[in-house]
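Taking it in order: structure first as structure tokens, then the write-up.
Basis for what follows: all heavy atoms, side chains included, without hydrogens, waters or symmetry-related copies.
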Amino acid sequence: MRLFRGRASTIAADGEVSERMCSLAATGETAVRVWRPHRQVAFGRRDARLDGYDRARAAARERGFPPVERSVGGRAVAYDGETTIAFARAEPVEDGRRGIGDRYDRLVRDLEGALENLGVDATRGEPPDSFCPGSHSLSAGSVDGAGGEGGTDGTERKLAGIAQRVRTDAALVSGILVVDGRSGLADVLEAVYDALAIPFDPESIGSVVAAGGPSDPETIVSTLEDALVGDATPTFERVDR
């Protein structure tokens, strides 16, 4: 197993790391990465086919979030460059038509375990009109005394979403986890989804902090790494040199 660490110098260079992970998986070596991406709005391929795509890209850019198009499925997601975490695991594939659900389930279980270790009681599913809506999501209620944003009413709000890209020889299962800063993400995503004419409720965004977890992103990165690596002994590779 190969464990990639750090953030590359540019958004494009970060994308090249994902391709390298898939190339390694194609040779039989699983690859894992957990990092804080550069500030951006990453659009899904379906977004690019909508009439409002150019307006959505402009709305993201106007709010200081460079727009990019990502290779995996799903709708637009936003990273603030500081408190939003991305995670990915690339695995070998023998038959691209099989194993999709199993890979999703294993990553969701690993993410649930990591959040539990961080003191967050996450549940599967998402509220209506969430960002990047999909069936492989985790949500949590805000708790008293947690600080951050999102209130303390116990309403389930989305913390994480997962998508998957499958090639003939490798699969990349990846996702986003919101640690904090939900108001900034809600602001840009509300404008983006409005331009795309896709229903979106800014109140549906949750955060690890609001759910009672730690505020230090690096603590969460380390915990997620342990969960995604599991019992393997990885070889480390830095991408931020």
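When each of Arg106, Arg103, Arg167 is tested with Glu91 by the rule salt bridge (charged side-chain N to carboxylate O under 4.0 Å, His left out), just one qualifies, namely Arg106. The one candidate from Ile176, Val178, Leu177 that meets the side-chain contact (heavy atoms from CB on, under 4.5 Å) condition with Leu159 is Leu177.
Shortest non-hydrogen contact noted between Phe131 and Ala76 is CB-O, 4.3 Å. Considering all non-hydrogen atoms of both residues, Ala88 and Ser174 come closest at CB-CB, 3.8 Å. Across all non-hydrogen atoms, the minimal contact from Pro214 to Val209 is O-CG2, 3.7 Å. Taking both residues in full, the closest heavy atoms of Ala60 and Val192 are given as CB-CG2, 4.1 Å, listed atom of the first, atom of the second, then distance. Shown here for Ile205 and Leu185, the closest heavy-atom pair between the two residues is CD1-C, 4.1 Å. Minimum heavy-atom separation, Ser139 to Gly125: OG-O, 2.7 Å.
Classification of Glu190 and Arg63 as a salt-bridged pair fails, no side-chain N sitting under 4.0 Å from a carboxylate O.
Judged purely by distance below 3.5 Å, without hydrogens or angles, the side chains of Arg49 and Tyr53 never pair a donor atom with an acceptor atom. Counting only N and O atoms by type, the side chains of Asp216 and Thr219 include a donor and acceptor under 3.5 Å apart. Using modelled atom types, one finds no donor on one side chain facing an acceptor on the other under 3.5 Å when comparing Thr223 with Asp226. Between the side chains of Lys158 and Ser137, at least one donor-acceptor pair of N or O atoms lies under 3.5 Å. A side-chain donor from one of Glu156 and Thr123 sits under 3.5 Å from a side-chain acceptor of the other.
With Phe65 as the aromatic partner, Arg39 meets the cation-pi criteria of under 6.0 angstrom to the ring centre and within 45 degrees of the ring axis.
In this structure a side-chain-to-backbone donor-acceptor pair under 3.5 Å is present from Tyr193 to Cys132.
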